[in-house]
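Convention: sequence-line order gives letters A, B, ...; per-chain numbering from 1.
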Amino acid sequence: MLKIMIIGATSTIAQETARFFATEGAEFFLVGIPADKLALIKDDLVARGAKRAEIYEADLTDFDKHPQIIESAVQAMGSIDAVLIAHGTLGNQKAAEASVEVALKEINLNLLSNISLLTLLANYFEKQRRGCIAVISSVAGDRGRGSNYVYGTAKAGTTTFMQGLRNRLAKSGVAVVTIKPGLVDTPMTADIKKNFLFSDPATVGKAIYLGMKKGKDTVYAPWFWRYIMAIIIHIPEFIFKKMSL
Amino acid sequence: MTTPLNRLKQYKSWGRYPTVEHKAIHQIHWRSDLPDVNQFEETVLPYGYGRSYGDSCLNEGGILLDTSYMQQFMVFDAEQGLVRCEAGVSLEQVLEVIVPCGWFLPVTPGTKFVSIGGAIANDVHGKNHHRAGTFGCHVTQFELVRSDGTYICSPTENAELFRATIGGLGLTGIITWAEFKLKRIPSPLIDQEKIRFANLDEFFAISAEMDQRFEYLMSWSDCLSGGDSMGRGIFMAGNFYDPPLGAEPSTKKLKPFVPFDLPSIALNTLSVKAFNAVLYRVPLGKRVRSIVHYEPFYYPLDAINNWYRLYGKRGFLQYQLVVPFEGDNEPIREVYRRIAQSGEGSFLVVLKAFGDIVSPGMMSFPMPGVTLALDFAFNGEKTLKLLDELDMIVREAKGRVYPAKDARMSPENFRAYYPQWEEFAHYIDPKFSSSFWRRVTASANGQ
Ligand SMILES: Cc1cc2nc3c(=O)[nH]c(=O)nc-3n(C[C@H](O)[C@H](O)[C@H](O)COP(=O)(O)OP(=O)(O)OC[C@H]3O[C@@H](n4cnc5c(N)ncnc54)[C@H](O)[C@@H]3O)c2cc1C
């Protein structure tokens with residue numbers, strides 16, 4: 001059975017994805033905060049069919065601890081077949097505009113922590129010569145917009161990093177999957193008024209599950225965001241800059 | 001793995017009547033992060049998947065606590081057949097987890113898009129009421145979070161709160177998780193039999209015999225034909241299919257049920273055709289047997305998403321009554337006559353005999369007798385008047401009307417149907433209220 005490490009396991013999208021793997025009897029190593037919520041997720045996955053779930057509490061902005069997280073996972077599970085990195089915050093764009101500190105904090109959590117983890121994981125999987133690395137990036141990284149470009153920058157950086165990693169690890173038979181969810185109805189977006197573009201986290205979770213199983217390169221979730229973003233990317237900048245987005 | 005909800009949630013009820021404005025919606029994502037309801041100025045009401053038809057899941061001007069995001073399982077004991085899960089888990093999700101292990105829900109309503117919290121708060125019933133009672137009969141314990149604290153409730157612990165919360169319309173607190181017993185099944189298939197009955201007399205004659213033979217039983221009946229064929233219809237009965245050893249049929253190869261088994265869309269030509277099609281397929285006096293998957297057997301309507309839209313913007317009213325068995329069941333006949341006369345008729349109605357298993361729920365709807373569920377497109381006063389007339393028949397017969405499907409019964413009738421309401425009111429959390437509750441207790445409070 002698949003052995004899956006989930007980093008940022010309390011994320012709603014990560015939980016939904018994990019439920020699909022659980023019905024197949026997968027084994028989990030769940031990383032994140034806080035421990036009591038990880039414990040709730042563990043019980044949920046086991047009840048839904050997971051063969052086993054281990055939890056590991058870790059603050060992901062503590063980069064020094066990253067090697068230890070991965071070592072603990074390998075030790076507990078024997079090996080890792082797939083990893084899903086799902087932590088992150090939507091942040092507050094206005095606050096980030098007003099404060100360098102806030103902006104850098106966003107970048108730290110949503111980009112630098114990914115780079116740190118991915119660097120370590122890439123070396124692990126490269127040696128193992130098989131497996132799957134999946135990261136939840138965002139459509140927000142496809143083009144910078146006034147309303148959330150700090151978040152968008154972190155996601156664009158993640159997407160580009162993943163692209164390079166994919167190119168490097170293709171030789172080793174490791175799948176590198178960039179996931180770009182659109183608008184999803186999760187606690188992260190609780191304060192945003194829902195419209196028809198919002199998707200159910202279960203729908204997104206299923207797209208991620210299938211994308212990881214098939215080792216896809218980029219997964220837009222749901223699929224129609226691929227076309228929305230294709231249009232958005234092609235709007236000429238002299239028009240785009242005047243739009244309120 | 002979670003039920004795709006109506007994610008553009010509009011926080012309406014299934015019948016789209018009435019529609020009300022709420023002050024705020026508060027989503028609950030973790031059972032460990034419940035809001036302290038004392039922080040709100042207004043009253044609160046839990047809201048599951050909004051599959052109640054009328055106003056029992058609405059709280060005009062107040063706050064809805066959306067519990068549908070709480071979707072974690074806690075325990076699935078595949079040996080003993082027991083599930084403990086959060087209140088927002090849907091019946092669909094429970095089935096996904098338990099059916100592959102040879103278990104089924106002890107009781108299920110006609111849709112699987114219902115939360116466990118909602119199933120308890122309305123103490124829902126299904127086609128096996130005569131054998132298994134209501135959902136509440138199978139609940140072993142749950143956690144109830146009230147404005148004054150958290151209570152574990154079971155038949156032996158906080159037993160009064162347990163009884164008040166089953167069928168308690170969300171007024172006694174937030175159910176955060178619940179534990180319930182499952183039913184063993186030999187396969188996910190149903191050995192189904194359809195039998196036609198020519199009128200109500202035949203219905204009652206066959207019903208007693210069918211109750212003995214079948215665990216799951218309901219019928220569709222035609223509300224528009226009068227005279228000798230008044231109440232004609234068709235029984236749909238079934239038991240879980242026990243495949244003979246070595247001859248396990250593949251579920252995949254089975255045809256997806258009679259395609260005509262459409263919902264009871266009132267006065268819709270489609271449903272007239274559908275009904276005739278089913279009726280003529282089954283010759284009088286003959287039994288037509290087939291093996292079908294449980295999905296189309298229990299949940300024929302779930303295949304049609306958002307079917308309430310078929311009724312358009314004005315919405316529709318559901319009406320479900322039960323009247324005790326008595327003599328030649330004159331009240332039921334009177335109901336049929338009244339509907340036929342009014343021309344408002346729900347073309348198809350669901351007709352079933354309830355059994356005598358008593359639910360622990362204080363305010364539970366089912367009682368031994370005949371139940372009838374109808375839907376009516378909302379045509380203003382005319383529709384309301386007809387339902388008031390039906391109320392009088394039910395009241396005289398000492399029956400009840402189902403709150404989960406009600407948007408209009410009068411306070412007087414409510415109190416006649418549920419004389420225990422005053423006892424129940426002691427257990428209502430003072431921070432909780434609903435549009436339904438304010439409506440049916442209006443004059444009683446001197447408002
Ligand atoms: C197609 C269809 C077929 C149906 N068939 C049947 C049937 O055969 N038999 C039957 O009995 N019913 C039937 N119903 C009605 C339905 O089963 C009930 O209305 C059910 O309670 C709806 O559950 P819900 O999760 O949508 O809850 P909602 O409708 O959102 O809420 C129902 C009540 O539960 C309360 N509630 C919800 N969650 C909680 C919680 N966590 N804690 C405390 N209170 C809570 C609410 O406050 C409200 O009072 C049917 C409905 C439909 C649409």
Side-chain angles (χ1 to χ4, degrees), chain A residues 9-26 30 32-51 53 182-210 222, chain B residues 1-11 24-35 49 65-66 68-86 88-90 92-101 103 113 116 143 176-180 182 305-306:
Chain A
T10 52
S11 124
T12 304
I13 294 178
Q15 284 186 64
E16 293 290 355
T17 309
R19 286 171 181 167
F20 286 96
F21 283 110
T23 54
E24 293 182 354
L30 308 169
I33 40 167
D36 61 329
K37 283 187 179 152
L38 292 173
L40 302 185
I41 295 167
K42 169 185 168 153
D43 289 346
D44 177 57
L45 295 176
V46 169
R48 289 176 190 260
K51 203 167 129 209
L183 297 164
V184 191
D185 183 8
T186 66
M188 200 191 212
T189 58
D191 297 333
I192 304 175
K193 194 157 166 48
K194 305 293 176 288
N195 58 37
F196 69 95
L197 286 174
F198 272 82
S199 309
D200 195 277
T203 309
V204 172
K206 185 166 191 184
I208 296 173
Y209 161 77
L210 293 175
Chain B
M1 276 304 112
T2 57
T3 297
L5 309 174
N6 189 6
R7 271 306 175 194
L8 291 177
K9 269 194 164 172
Q10 298 167 328
Y11 298 96
I25 310 291
H26 190 99
Q27 301 173 351
I28 304 176
H29 289 272
W30 297 89
R31 67 177 183 276
S32 52
D33 289 351
L34 287 209
Y49 292 7
L65 304 172
D66 184 344
S68 70
Y69 292 84
M70 285 197 291
Q71 301 196 348
Q72 276 170 345
F73 278 75
M74 297 156 74
V75 175
F76 167 39
D77 183 338
E79 242 106 79
Q80 302 295 318
L82 195 80
V83 163
R84 193 187 313 154
C85 65
E86 290 181 342
V89 170
S90 67
E92 179 190 37
Q93 290 177 70
V94 175
L95 290 169
E96 270 169 11
V97 170
I98 65 174
V99 171
C101 301
W103 296 98
F113 304 132
I116 294 299
E143 181 185 77
T176 48
W177 57 261
E179 184 185 87
F180 50 95
L182 306 174
N305 230 334
N306 297 342

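Residue contact with chain A, scored on non-hydrogen atoms closer than 4.5 Å, involves the side chain of B:Asp33 exclusively. Using a 4.5 Å cut-off between heavy atoms, A:Leu45 makes no contact with chain B at all. Residue B:Val75 touches chain A through its backbone alone, counting heavy-atom pairs closer than 4.5 Å. Using a 4.5 Å cut-off between heavy atoms, A:Thr186 touches chain B through its backbone atoms (N, CA, C, O) alone.
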Item to check | Stepwise side chain to side chain contact (heavy atoms under 4.5 Å, CB included) check, B:Tyr69 with A:Thr12 | outcome: CA-CA 10 Å; B:Tyr69 292 84; A:Thr12 304; over 6 Å; no

Next on the checklist: The test is side chain to side chain contact (heavy atoms under 4.5 Å, CB included); show your working for B:Glu96 and A:Thr23 and say whether it passes.
Outcome noted: CA-CA 9 Å; B:Glu96 270 169 11; A:Thr23 54; over 6 Å; no

Next on the checklist: Please evaluate residues A:Asp44 and B:Glu86 with respect to the criterion side chain to side chain contact (heavy atoms under 4.5 Å, CB included), reporting the C-alpha separation (whole Å), side-chain torsions for both, the decisive distance (0.1 Å), and the verdict.
Outcome noted: CA-CA 10 Å; A:Asp44 177 57; B:Glu86 290 181 342; over 6 Å; no

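Note that NZ of A:Lys42 and CD of B:Gln72 are 13.5 Å apart. Values are rounded to the nearest 0.5 Å.
Residues A:Asp43 and B:Met74 come closest through the heavy atom pair CB-O, 3.7 Å. The shortest heavy-atom contact between A:Ala47 and B:Phe73 is CB-CB, 3.5 Å.
No side-chain donor-acceptor contact under 3.5 Å links A:Gln15 and B:Gln71.
The environment of NZ in A:Lys37 is crowded: more than 12 heavy-atom neighbours from other residues, nucleotides or ligands sit within 6.0 Å.
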